[in-house]
Amino acid sequence: MSPVPVPAVGARIRQARLERGVGLRALAREVGVSASLVSQIETGKSQPSVSTLYAITTALGISVEALFDGRETAAAVGADTVVHALAAFAADPGRRIGPLVGPGEREALELDSGVVWERLGHVPGTDVDFLLVTYRPGGSSSGSGGLMRHTGTEYGYLTSGELVLTLGFDEQVLRPGDAVCFESTTPHRYRNDGDVPAVGVWFVASQSVQ
């Protein structure tokens with residue numbers, strides 16, 4: 001079974017921005033991207049890269065985990081978005097609460113830099129990203145090639161393929177069975193230079209943002 005696509009990520013970003021009274025151009029300046037890109041992300045016309053997504057959530061003071069939460073208000077999104085969200089989760093509304101998440105029940109978020117996140121589980125009240133991450137051939141956490149940084153502590157374990165990790169001024173190759181951990185405030189980037197997908201389990205414990 002295929003993972004369940006996460007609907008309305010852009011709408012949730014827009015909702016968080018409006019709740020905080022942040023203008024679209026102000027958010028774009030904070031993140032370092034164009035206002036038109038933020039607009040395209042919010043309307044679902046474009047998906048952010050990993051680095052852009054982390055920059056947006058950091059600027060808005062929300063966790064990436066919050067973007068996987070399917071509970072939304074109709075006032076924040078259009079009717080079509082609400083319909084898609086309900087269609088994605090109504091079949092089994094309890095699955096996101098229980099401790100067991102089957103392969104076909106994982107919510108998936110596909111990013112435009114060739115990276116796919118599948119949520120492996122979530123404990124309510126926590127800001128933790130527990131993810132199965134796939135870097136497609138040529139995929140990178142930053143579409144522009146720049147390094148990213150965000151709050152929290154990052155742990156990763158690669159199960160297949162190879163990933164090149166740039167961490168500060170160092171560059172290392174991760175191979176199956178390799179594990180990595182570091183403070184996420186350290187500038188970093190992952191990229192897949194190979195011709196097969198690189199797959200691993202990632203755990204990012206976010207610090208509370210006030």
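Residue numbers count from 1 along this sequence.
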*Are Y135 and L167 joined in one hydrophobic group, where the rule is that I, L, V, M, F, W and Y side chains link up if heavy atoms are under 4.5 Å apart?*
yes
_V101 reachable from V128 in the ILVMFWY side-chain graph, under 4.5 Å edges_ = no
_Inter-residue atom distance R12.CZ - T57.OG1, 0.5 Å rounding_ = 13.5 Å
*Validation row: V133, V116 side chains within 4.5 angstrom (heavy atoms)*: no
*asked:* What I'd like to find out is whether the side chain of L120 reaches to under 4.5 Å of the side chain of V201, using heavy atoms alone.
replied: yes
*Indicate whether the side chain of S142 and that of S140 have a donor and an acceptor atom separated by less than 3.5 Å.*
no
*Quick one: sort the F203 and F130 rings into parallel, tilted or perpendicular, breaks at 30° and 60°.*
perpendicular
*Over all atoms of both residues, closest heavy-atom pair of S160 and P176*: CA-CG, 3.9 Å
*Minimum side-chain heavy-atom gap R17-E42 below 4.5 Å*: yes
*Just checking, is any N or O donor in the side chain of S36 or S39 under 3.5 Å from an acceptor N or O on the other one?*
no
*Does a donor on one side chain and an acceptor on the other come within less than 3.5 Å for Y54 and D129?*
yes
_Could you see if V50 belongs to whatever hydrophobic cluster contains V9? Use Ile, Leu, Val, Met, Phe, Trp, Tyr and a side-chain cutoff under 4.5 Å._
yes
*Take V38 and V31 through the side chain to side chain contact (heavy atoms under 4.5 Å, CB included) test and state the conclusion after the steps.*
CA-CA 9 Å; V38 175; V31 174; 5.7 Å; no
_Connected via hydrophobic side-chain network under 4.5 Å: V180 and L158_ = yes
*asked:* Using every non-hydrogen atom in the two residues, find where A179 and Y157 come nearest and quote the distance to one decimal.
replied: CB-CD1, 4.2 Å
*Can you tell if the side chain of T52 reaches within under 4.5 Å of the side chain of I41, non-hydrogen atoms only?*
yes
Atom pairs and distances, side-chain donor-acceptor, residues 18-27, under 3.5 Å, sequence neighbours left out:
{"unit_1": "E19", "atom_1": "OE2", "unit_2": "Q15", "atom_2": "NE2", "d": "3.3"}
{"unit_1": "R20", "atom_1": "NE", "unit_2": "L60", "atom_2": "O", "d": "2.5"}
{"unit_1": "R20", "atom_1": "NH1", "unit_2": "A16", "atom_2": "O", "d": "3.1"}

*Ignoring hydrogens and angles, tell me if any N or O in the side chain of T58 forms a donor-acceptor pair with the backbone of A55 under 3.5 Å.*
no
*Is a donor on one side and an acceptor on the other found under 3.5 Å between the side chain of T153 and the backbone of A205?*
no
*Taking C-beta and beyond as the side chain, do T134 and V115 meet within less than 4.5 Å on heavy atoms?*
no
*What are the two closest heavy atoms between G146 and R189, and how far apart are they?*
O-CD, 3.8 Å
*Using the test ring-ring contact (aromatic ring centres under 6.0 Å, His included), find all partners of F182 that sit at least two apart in sequence or belong to another chain.*
H188
*Report yes or no: does R149 contribute a side-chain atom to a donor-acceptor pair with the main-chain N or O of T185 at less than 3.5 Å?*
yes
*Between the side chain of N192 and the main-chain N/O of L163, is any donor-acceptor distance below 3.5 Å?*
no
*Under 4.5 Å between any side-chain heavy atoms of H150 and V204, yes or no?*
yes
*Is it true that R136 and E110 make a salt bridge, defined as a side-chain N closer than 4.0 Å to a carboxylate O?*
yes
*Shared ILVMFWY cluster between L37 and I13, side chains joined below 4.5 angstrom?*
yes
*asked:* What's the separation between atom CG in D112 and atom CD in Q47, rounded to the nearest 0.5 Å?
replied: 7.5 Å
*Roughly how far, to the nearest 0.5 Å, is OG1 of T186 from CG of L147?*
10.5 Å
*Is R119 close to R106 at the side-chain level, that is, under 4.5 Å between some pair of heavy atoms?*
no
*Indicate the atoms forming the closest heavy-atom contact of C181 with Y155, along with that distance.*
CB-CD2, 3.4 Å
*asked:* Could you check whether any side-chain heavy atom of L53 comes within less than 4.5 Å of a side-chain heavy atom of L111, counting everything from C-beta outward?
replied: yes
